[in-house]
Amino acid sequence: MDNIRTIRFDNLHDIELAHIFECGQCFRWNECGDGSYIGVAGGNAAHVVLKHKDDASTLVVECTGGSEEYWCSYFDLDTGYGDMKRALLASDSKLDEAIDTCYGIRILNQDYWEVLISFIVSQNNNIPRIKKCIESLARSYGTEIGEFMGEVRYAFPTPEQLAEATLEELAALKLGYRNTYLAAAPEHYKEQGVPTGSAEEKHKALLSYLGVGPKVANCILLFGLRDFTAFPIDVWMKKIMAELYGFDIKDVKGMQKFADEHFGELGGIAQQYLFYFYRSMQ
DNA sequence: ACCCAGGTGGCTT
DNA sequence: AAGCCACATGGG
């Protein structure tokens, strides 16, 4: 692929690629072996490198497309994560180690539809297999971007493209029982559009998708709609909340209520730090 | 062979 | 409202 463009962002803080891409919010970025990552976002393939120098960082994006504004928004570079982290630390010292160790998490500005489908696939599944499933979907139904850094890359399929898939084809992609959920999603998306309103209203709208329950809806709220009040509780978060705050492992309602009152507007940020930190410790 | 993974739908109490 | 359990697939 010719026409590779290089975009550079200087003087950045509170950013680390591994923490952004490995914290469980996205599934299409892969590490190259040297700390840089290759992935696809918004129909563009990209290779991203982060360089730390003194107190600041520089992000270099080599991409097949996407404006400077697009990538700035995608990496959420205009949001002050330092302030959010300081606010969380001031309210709860139990976050000290997680925030200190995983300092550079940012919530990517991902496409709503892609997040919706990705987290339907994620249920009762593990991250390596989720990534394979999503890559298969892109390869089978997404627009071919072209060869980029030694591999042909594919955009995530649009709702119209995924609507073309038959149940038999989806089953052949080894999606498991979730294939029926994916088969139903494009039409529902066409009818409902992108949810608006309060967090509760959006959450409720998401629950009307087959295959979307409370946990997946919270992931979509946080990663697809950038609602930082969302606090997804999966099997890992149940263990973490039980261990850290003394909840009964099954008391998900109590955990949700606590997160809402205790972390408020920054629940999603707190959740990401806790999830990623404790998961990386196994 | 068994258990688990960024859970949910559907059925039974 | 709460408690089961099946659901595909692949890795440990």
Side-chain angles (χ1 to χ4, degrees), chain A residues 18-30 98 102 105-108 110 112 114-137 139-140 165-185 188 203-244 247-257 259 263 267-282:
Chain A
H19 301 163
I20 289 171
F21 292 134
E22 311 287 353
C23 72
Q25 63 175 320
C26 58
F27 302 102
R28 297 209 67 195
W29 291 91
N30 295 299
C102 311
I105 292 178
R106 283 167 176 269
I107 305 298
L108 295 170
Q110 301 185 75
Y112 166 71
E114 177 173 343
V115 171
L116 168 65
I117 296 302
S118 298
F119 278 90
I120 288 177
V121 171
S122 79
Q123 69 163 58
N124 199 32
N125 211 341
N126 57 65
I127 290 177
R129 210 171 83 82
I130 297 165
K131 292 176 82 167
K132 283 183 189 171
C133 290
I134 289 167
E135 215 49 48
S136 300
L137 281 171
R139 187 155 292 138
S140 302
T166 66
L167 197 55
E168 292 74 27
E169 289 173 346
L170 291 173
L173 297 184
K174 309 292 184 187
L175 298 165
Y177 65 89
R178 309 164 196 82
N179 54 18
T180 55
Y181 303 159
L182 291 203
H188 197 70
H203 192 264
K204 191 180 173 188
L206 286 165
L207 291 181
S208 65
Y209 278 91
L210 197 60
V212 175
K215 187 270 173 183
V216 168
N218 276 330
C219 285
I220 299 168
L221 269 180
L222 178 55
F223 306 130
L225 296 174
R226 300 182 55 73
D227 187 328
F228 288 8
T229 64
F231 192 88
I233 299 178
D234 69 327
V235 290
W236 295 91
M237 284 305 295
K238 284 182 199 172
K239 292 175 193 162
I240 294 164
M241 295 298 282
E243 192 179 318
L244 225 48
F247 283 97
D248 184 292
I249 193 83
K250 303 184 77 171
D251 184 19
V252 178
K253 276 199 168 179
M255 296 175 191
Q256 290 284 359
K257 187 167 183 288
F263 300 123
I269 308 297
Q271 192 275 354
Q272 280 297 274
Y273 274 105
L274 289 172
F275 174 81
Y276 178 58
F277 176 67
Y278 285 93
R279 232 182 69 92
S280 62
M281 311 210 64
Q282 278 170 24

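Letters A, B, ... mirror the listed sequences (proteins, then strands); counts begin at 1.
Side-chain atoms of Arg178(A) come within 3.5 Å of backbone atoms of Gln123(A) as a donor-acceptor pair (strictly under, hydrogens ignored). Side-chain atoms of Ser140(A) never come within 3.5 Å of backbone atoms of Leu137(A) as a donor-acceptor pair (strictly under, hydrogens ignored). Without hydrogens or angle criteria, Lys131(A) side chain to Trp29(A) main chain gives a donor-acceptor distance under 3.5 Å. In this structure, Arg28(A) contributes its side chain and Ile134(A) its backbone to no donor-acceptor pair below 3.5 Å.
Rounded to an integer number of Å, the gap from Gln110(A) CD to dG6(B) P is 17 Å. Separating the CD1 atom of Ile233(A) from the C1' atom of dG6(B) is a distance of 12 Å, rounded to the nearest angstrom. If you take CD1 of Ile249(A) and P of dC4(B), they are 12 Å apart, rounded to a whole angstrom. Distance CZ (Arg279(A)) to P (dG6(B)): 5 Å, rounded to an integer number of Å. The distance from atom CG of Leu167(A) to atom P of dA8(C) is 11 Å, rounded to the nearest whole Å. Look at CD1 on Ile130(A): it is 18 Å from P on dA8(C), rounded to the nearest Å. Rounded to a whole Å, the CG atom of Asn124(A) is 12 Å from the P atom of dA8(C). If you take CG of Asn125(A) and C1' of dT9(C), they are 7 Å apart, rounded to a whole angstrom.
When all heavy atoms of Arg129(A) and Lys174(A) are compared, the closest pair comes out as NH1-O, 3.1 Å. In terms of heavy-atom proximity, Asn218(A) sits nearest to Ala230(A) at O-CB, 3.5 Å.
Rounded to the nearest Å, the gap between the P atom of dC2(B) and that of dA6(C) is 15 Å. If you take atom P in dC11(B) and the same atom in dA8(C), they sit 15 Å apart, rounded to whole Å. One C1' atom belongs to dC3(B), the other to dC5(C), and the distance between them is 16 Å to the nearest Å. Going from the P atom of dG9(B) to that of dG10(C) covers 23 Å, rounded to whole Å.
Between Pro232(A) and Met237(A), every side-chain heavy-atom pair lies at or beyond the 4.5 Å cut-off.
Among the atoms of the strands shown, only primed sugar atoms or phosphate atoms (P, OP1, OP2) are found under 4.0 Å from some heavy atom of Ile127(A). Using a 4.0 Å heavy-atom distance criterion, Cys26(A) is classed as making no nucleic acid contact. Residue Lys239(A) is in sugar-phosphate contact alone, with no base atom involved, counting any heavy-atom pair closer than 4.0 Å across all strands shown.
In this model, the phosphate group of dT9(C) is not approached by any side-chain N or O of Lys131(A) to a distance below 4.0 Å at OP1 or OP2.
For Phe27(A) and Phe119(A), the ring centers are positioned less than 6.0 Å apart.
Interatomic distance, CZ of Arg106(A) versus CD of Gln25(A), reported as 11.0 Å (0.5 Å rounding). Residue Cys219(A) holds its SG atom at 10.5 Å from CD1 of Ile233(A), rounded to the nearest 0.5 Å.
Judged by distance alone with a 3.5 Å cut-off, no donor-acceptor contact links the side chain of Tyr177(A) to the base of dG9(B). Residue side chain Gln123(A) does not reach the base of dG9(B) through any donor-acceptor N/O pair under 3.5 Å, judged by distance alone.
Residues from residues 207-219 of chain A placing a heavy atom under 4.0 Å of any atom in DNA chain C do not occur.
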Pick out the pairs of N or O atoms, protein on one side and nucleotides 10-12 of chain C on the other, that lie under 3.5 Å.
none

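In this structure, Trp236(A) does not pack face-to-face on the six-membered ring of dG6(B), missing the 5.5 Å centre cutoff or the 30° plane limit.
Relative orientation of the Phe231(A) and Phe263(A) rings is parallel, given thresholds of 30° and 60° on the angle between their planes.
Position along DNA chain C of the nearest nucleotide to Lys250(A) versus Leu175(A) favours Lys250(A) as the more 5'-ward residue.
Nearest nucleotide to the side chain of Tyr181(A), out of dG9(B), dC7(C), dG6(B): dG9(B).
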